[in-house]
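As structure tokens, the structure follows; a few thoughts come after it.
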Protein chains: 2
Amino acid sequence: MGLKVTIYDVAKEAKVSIATVSNVINKKGRIGEKTRRRVYDAMEKLNYEPNVLASALMGKQTKTIGLLIPDLANPFFSELARSIEDRGHELGYSIVICSTDYQEEKENKYISLLKQKRVDGFIFASGFEKQSRLEELMQEDIPIAIVARDYPNFAVNAVALDDYMGGYLAADYLIKLGHKKIGIVALDVYSNRERIRGFKDAMSEHGLKFIHDIELIEDIKQSHLDAGRNVAKKYLQYDDKPTALFACNDLLAIGAIQAARRSGLYVPNDISIVGFDNTSIASIVDPPLTTMSQPIQLMGREVMDLIISIFKGERDDHVRVTLAPTLVERDSTRTI
Amino acid sequence: MGLKVTIYDVAKEAKVSIATVSNVINKKGRIGEKTRRRVYDAMEKLNYEPNVLASALMGKQTKTIGLLIPDLANPFFSELARSIEDRGHELGYSIVICSTDYQEEKENKYISLLKQKRVDGFIFASGFEKQSRLEELMQEDIPIAIVARDYPNFAVNAVALDDYMGGYLAADYLIKLGHKKIGIVALDVYSNRERIRGFKDAMSEHGLKFIHDIELIEDIKQSHLDAGRNVAKKYLQYDDKPTALFACNDLLAIGAIQAARRSGLYVPNDISIVGFDNTSIASIVDPPLTTMSQPIQLMGREVMDLIISIFKGERDDHVRVTLAPTLVERDSTRTI
DNA sequence: TTGAAAGCGTTACCAG
DNA sequence: CTGGTAACGCTTTCAA
């Protein structure tokens, strides 16, 4: 009475062949209504659970997808992973999650491990991902999709945020609030650079430009909180200090708020700060953070749907889904 | 040149039988040094990756573990999942994560799904888990381990926090700070009740008792932030209001801080607040939260090691690992 | 409409 | 020390 009931047991119980059982399970071929009933009853009675391994061996899907993210403990990625998981389960897929810590070595190890386990495909949620690694997988005909990260000039299925637009909207908002002297707190990664580009363009359109050099944070692995604090601190030491700061993620923004407070400045009275991502902590901190919202739920859903459509062979061309960010206004900003 | 290189290809390349190849892979039997080399060379040359599915079909492990948690987007659980994932990977296991949202229905669905996929075992990180469901799995001889949740009077492998001690220590700390009138913000779940029991006992030892009735939050699925805010608000409306609040998790504590602020009270000057869990948000909020720390890293590591030891058959008795919480003092508390 | 038999890629047992 | 060969549980022709 254990795990050991196989398709043979069901066949015997229903007095049919295993082929028939297999067919009714997979709804294939034409099967008499009576036999179908008998088979279902037998499965029910024996509490039969098909062995996914065996059927996967025969070429069917494992119904499992590998998800590589930089760090599951980071709220942005855990929320994203959750939304991917949700949509995956809806569609009958399990997700195995691997945190790469932005390390190429780990990434290679996980990819190889998951390949051996015959996952049906990979979702890469930002991180290290050498382009060559992706190309290898595509060569081997393993479905992959990218989320929350863009590979410019590389044909790959991806759903990404319109980072440029996010930066543009953030700038637009701040400028409308009357801010002219604005500082940037950002990491040296592609998405952040895009956001800055959008931000800069919006400023230009209003005849504004940055009064201080932008210093990108190069060590991506360090605490974003600390990094944000440090960069903000520098800005606050200028004689001609900015009246607003645009931080390229919420953690950075919170670090900036802390830096301000430590310099005896009040947010938003003395300085406005806008973040990026709208992770759940944005509404928890004090003051609640005005931030550009990434539609995390939607992104998760979209990548999942994207990779499924690849499974189904619905596309051999490559799609790039671009989602629009929206501004969520809270209390870390004010008119000047 | 794809995924399709099998043990047969390796055998042919190395001019040996597949049995020999299998043996060198699994380091079984005695094999001549020369043939071993030839096999290794062949595997290397062909870029052979063993098919885990096939070997699992033969009774070997899938090297995959199912992890059921209430909600991956909750920082406590994402941090816990991360630590489990880390230890798992070190030991060669992949983790498939399922968020149950405290719903029995989802839980059943995931358990059945993962059984079909032949995971080697289950880790249950709190949540719904009917005891009967666990018993079923144990009957079927599927290894299971519990983490961050205790089943009193039920023989199961578990690593849990000493909740009673956590409550006791929190009370002890607050009392030493001079607080006598203390309120409780907690959920109506086993762990929280234990914490309160410890808290109460510590108070008794000092001849203290609660001046207001404790109202547990019954709707566990609602936003903890809101719930904390509401409960705290009630306390703050009493004429004889408490000078300190003990919240049974960090989110609740943050809700309490917000309630205080909205009533025009300053933390910690007007009221001290201590949380529980020491999730990463505890150090981010303002004021940084004094909280009982759960050793999340250690818990993850311990459950993983526990379930592995079950795989190895190192124990047929049941173990309960109990970890001690420690107080992390930040700025949400002060002497009275 | 149903069933027999040939795989899928491994491991395990038993000869040689 | 090495190699046949029978499983493992399922899907898929191809006949009947």
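Chain naming here is simple, since letters A, B, ... match the order of the sequence lines and numbering starts at 1 in each. Because only heavy atoms are used, hydrogens play no part in the values below, and waters and symmetry mates are left out as well, while side chains stay in.
Spacing between atom CD of A/Gln116 and atom P of C/dC8 amounts to 20 Å, rounded to whole angstrom units. B/Met43 places its CE atom 17 Å from the P atom of C/dG9, with the value rounded to the nearest Å. Note: NZ (A/Lys15) to P (C/dG3) measures 12 Å, nearest angstrom.
Between A/Ser17 and the phosphate of C/dT2, there is no side-chain N or O to OP1/OP2 separation shorter than 4.0 Å. At least one side-chain nitrogen or oxygen of B/Thr35 sits closer than 4.0 Å to the OP1 or OP2 atom of D/dT2.
The number of heavy-atom neighbours closer than 6.0 Å to NZ of B/Lys12, taken from other residues, nucleotides and ligands shown, is 12 or below. Shown here is B/Arg320, whose CZ atom has more than 12 heavy atoms of other residues, nucleotides or ligands within 6.0 Å. Counting heavy atoms of neighbouring residues, nucleotides and ligands inside a 6.0 Å radius, atom CD of A/Glu44 does not exceed 12 of them.
The bend of the helix from C/dT1-D/dA16 to C/dG16-D/dC1, defined by the angle between the axes of its first five and last five pairs, stands at 40° to the nearest 10°.
Comment: A/Asp101 engages B/Arg82 in a salt bridge, judged by a side-chain N to carboxylate O separation of less than 4.0 angstrom.
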Taking N or O atoms only and anything under 3.5 Å, show me the protein contacts with nucleotides 9-13 of chain D, one pair per line.
from   : atom 1 : to      : atom 2 : distance (Å)
D/dG9  : N2     : A/Ala54 : O      : 3.4
D/dC10 : OP1    : A/Tyr48 : OH     : 2.4
D/dC10 : OP1    : A/Asn51 : N      : 3.1
D/dC10 : OP2    : A/Ile7  : N      : 2.5
D/dT11 : OP1    : A/Asn26 : ND2    : 3.3
D/dT11 : OP2    : A/Ser22 : OG     : 2.8
D/dT12 : OP2    : A/Lys28 : NZ     : 2.7

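Ring geometry for A/Tyr151 versus A/Phe154: interplanar angle over 60°, hence perpendicular rather than tilted (30 to 60°).
Remark: the A/Thr64 side chain and the A/Lys117 side chain contain no N/O donor-acceptor pair separated by less than 3.5 Å. Neither side chain, B/Ser99 nor B/Asp71, offers a donor N or O lying under 3.5 Å from an acceptor on the other.
The side-chain heavy atoms of B/Lys115 and B/Phe122, taken from C-beta on, include a pair separated by under 4.5 Å.
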